[in-house]
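Have a look at the structure below, then the notes.
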Amino acid sequence: MSEQIWDAYHRWFYENSVWSRMRWLGVPIYKSPSDLFSYQEILCDLRPTLVIEFGTHQGGSALYMRSVLDAARIDAEIVTVDIDDVVHPAARADTNIRFVHDSSTSPTVREILRETIARRPGRIFAIVDSDHRAEHVYQELLLLREFLKPGDYLIVEDGNINGHPVLPDWGPGPYEAIERYESEFPDDYRNDGEREQKFGFTFAPRGFLIRR
């Protein structure tokens, strides 16, 4: 299928807010369903001991990943961070998810991650999906640079905004943050293009990254 057709479908899916009407176990989960399928494949292949999520919102994606980890019998902790405290009660009820109400780039979050990683060594799966301004995403990538080791997996969500191919008037966002980071640290990650392109479109273009 041509790139133009995929972009047209992507814009239809996004501009009609199909993503905003998705639920996981009754909890809103603002993701592409094809990305979610890739995430469960990555989790099962990686078998992480820690999942880090920047951008909790109502907790649907954290609850989804908890469901995958439990079903796959993967012993991993989830730490999910958001400056807004709007977690859905059904997600909050899962005591195997640690909800942190703070900025993803705060010193407190850095210390929480440092303590958790020291206690739970192993692979890390991280998702960046909070404030989509380029500068903020860049700062999140710098923070994670301290913690992610070779073989760990990072997803930078919503690089599709600012015309990639949706919301062309947004301004610099996650995609541009990745470009800046990779220009400064070109050897940190390799792009997992096979995963990114597997289903034809993704909310995370250029954002499927494996730590070198």
Side-chain angles (χ1 to χ4, degrees), residues 27-31 35 39 43 46 48-66 69 76-150 152-159 161-162 170-185 188-189 203-204 206-211:
V27 180
I29 180 170
Y30 296 164
K31 305 286 186 185
D35 287 342
Y39 296 174
L43 288 169
L46 190 66
T49 57
L50 175 61
V51 174
I52 301 167
E53 180 184 49
F54 291 163
T56 308
H57 195 56
Q58 295 194 52
S61 55
L63 188 62
Y64 169 81
M65 290 186 288
R66 184 74 266 163
L69 293 168
E77 293 192 28
I78 296 178
V79 176
T80 181
V81 182
D82 204 305
I83 198 167
D84 295 319
D85 189 7
V86 294
V87 177
H88 192 284
R92 179 81 71 185
D94 193 317
T95 57
N96 291 314
I97 301 171
R98 182 174 184 179
F99 294 97
V100 179
H101 181 204
D102 204 340
S103 169
S104 55
T105 59
S106 75
T108 299
V109 168
R110 176 178 271 103
E111 286 307 310
I112 287 171
L113 295 182
R114 183 175 291 120
E115 177 274 326
T116 307
I117 291 167
R119 181 169 44 81
R120 294 295 304 255
R123 293 279 186 234
I124 296 173
F125 179 67
I127 294 179
V128 170
D129 187 20
S130 61
D131 183 335
H132 298 329
R133 292 173 298 173
E135 178 62 29
H136 184 81
V137 176
Y138 175 75
Q139 293 301 323
E140 291 177 317
L141 297 178
L142 289 181
L143 185 151
L144 289 171
R145 188 170 195 258
E146 176 182 344
F147 300 113
L148 269 59
K149 300 295 187 288
D152 291 343
Y153 210 106
L154 171 64
I155 302 287
V156 181
E157 284 269 14
D158 290 293
I161 64 174
N162 200 36
W170 173 271
Y175 192 98
E176 289 72 28
I178 297 169
E179 287 185 319
R180 177 183 173 187
Y181 183 94
E182 290 184 339
S183 71
E184 296 178 13
F185 308 103
D188 274 11
Y189 295 98
F203 282 7
R206 201 169 178 171
F208 286 72
L209 303 170
I210 300 173
R211 192 73 158 91

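Residue numbers count from 1 along this sequence. Note that the coordinates shown come from a computational prediction; the quantities given were computed from them, not determined experimentally.
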Would you check if the side chain of [X] reaches a backbone N or O of [Y] as a donor-acceptor pair within less than 3.5 Å?
| X | Y | value |
| --- | --- | --- |
| N162 | G171 | yes |
| H88 | A90 | yes |
| T49 | A76 | no |
| D84 | V86 | no |
| R123 | L46 | no |
| S106 | V109 | yes |
| D94 | A91 | no |

Indicate yes or no: does R133 engage E176 in a salt bridge with an N to O separation below 4.0 Å.
-> no
Is it true that R110 and D102 make a salt bridge, defined as a side-chain N closer than 4.0 Å to a carboxylate O?
-> no
From CA spacing to verdict: side chain to side chain contact (heavy atoms under 4.5 Å, CB included), F54, L144 | CA-CA 11 Å; F54 291 163; L144 289 171; 4.0 Å; yes
Nearest 0.5 Å, what's the [atom1]-[atom2] distance between [X] and [Y]?
| X | Y | atom1 | atom2 | answer |
| --- | --- | --- | --- | --- |
| D152 | I117 | CG | CD1 | 8.0 Å |
| K31 | H57 | NZ | NE2 | 11.0 Å |
| H132 | I161 | NE2 | CD1 | 5.5 Å |
| I155 | I52 | CD1 | CD1 | 13.0 Å |
| I78 | T116 | CD1 | OG1 | 12.5 Å |

Nearest heavy-atom neighbours spanning [X] and [Y]:
| X | Y | answer |
| --- | --- | --- |
| I83 | H101 | O-NE2, 2.8 Å |
| G173 | W170 | CA-NE1, 4.3 Å |
| A134 | A177 | O-CB, 3.4 Å |
| R120 | E77 | CG-OE2, 3.4 Å |
| P48 | F125 | CB-N, 4.0 Å |
| Y138 | Y181 | CE1-CA, 4.1 Å |

Only residue of I97, D129, V100, I127 satisfying side chain to side chain contact (heavy atoms under 4.5 Å, CB included) with T80 is I97
Judged by modelled atom types alone, do E140 and S130 share a side-chain donor-acceptor pair under 3.5 Å?
-> yes
Worked verdict on L141 versus V156 for side chain to side chain contact (heavy atoms under 4.5 Å, CB included) | CA-CA 9 Å; L141 297 178; V156 181; 3.9 Å; yes
Taking it one step at a time, do R145 and D188 satisfy side chain to side chain contact (heavy atoms under 4.5 Å, CB included)?
-> CA-CA 8 Å; R145 188 170 195 258; D188 274 11; 2.6 Å; yes
Go through the steps to decide whether V137 and D131 satisfy the test side chain to side chain contact (heavy atoms under 4.5 Å, CB included), and finish with yes or no.
-> CA-CA 7 Å; V137 176; D131 183 335; over 6 Å; no
Within 45° cone of F147 ring axis and under 6.0 Å: R114 NZ or CZ = no
Would one find more than 12 heavy atoms of other residues, nucleotides or ligands at under 6.0 Å from atom CD1 of I210?
-> yes
Kindly assign one of parallel, tilted or perpendicular to the pair Y153 and F208, based on the angle between their ring planes and the thresholds 30° and 60°.
-> perpendicular
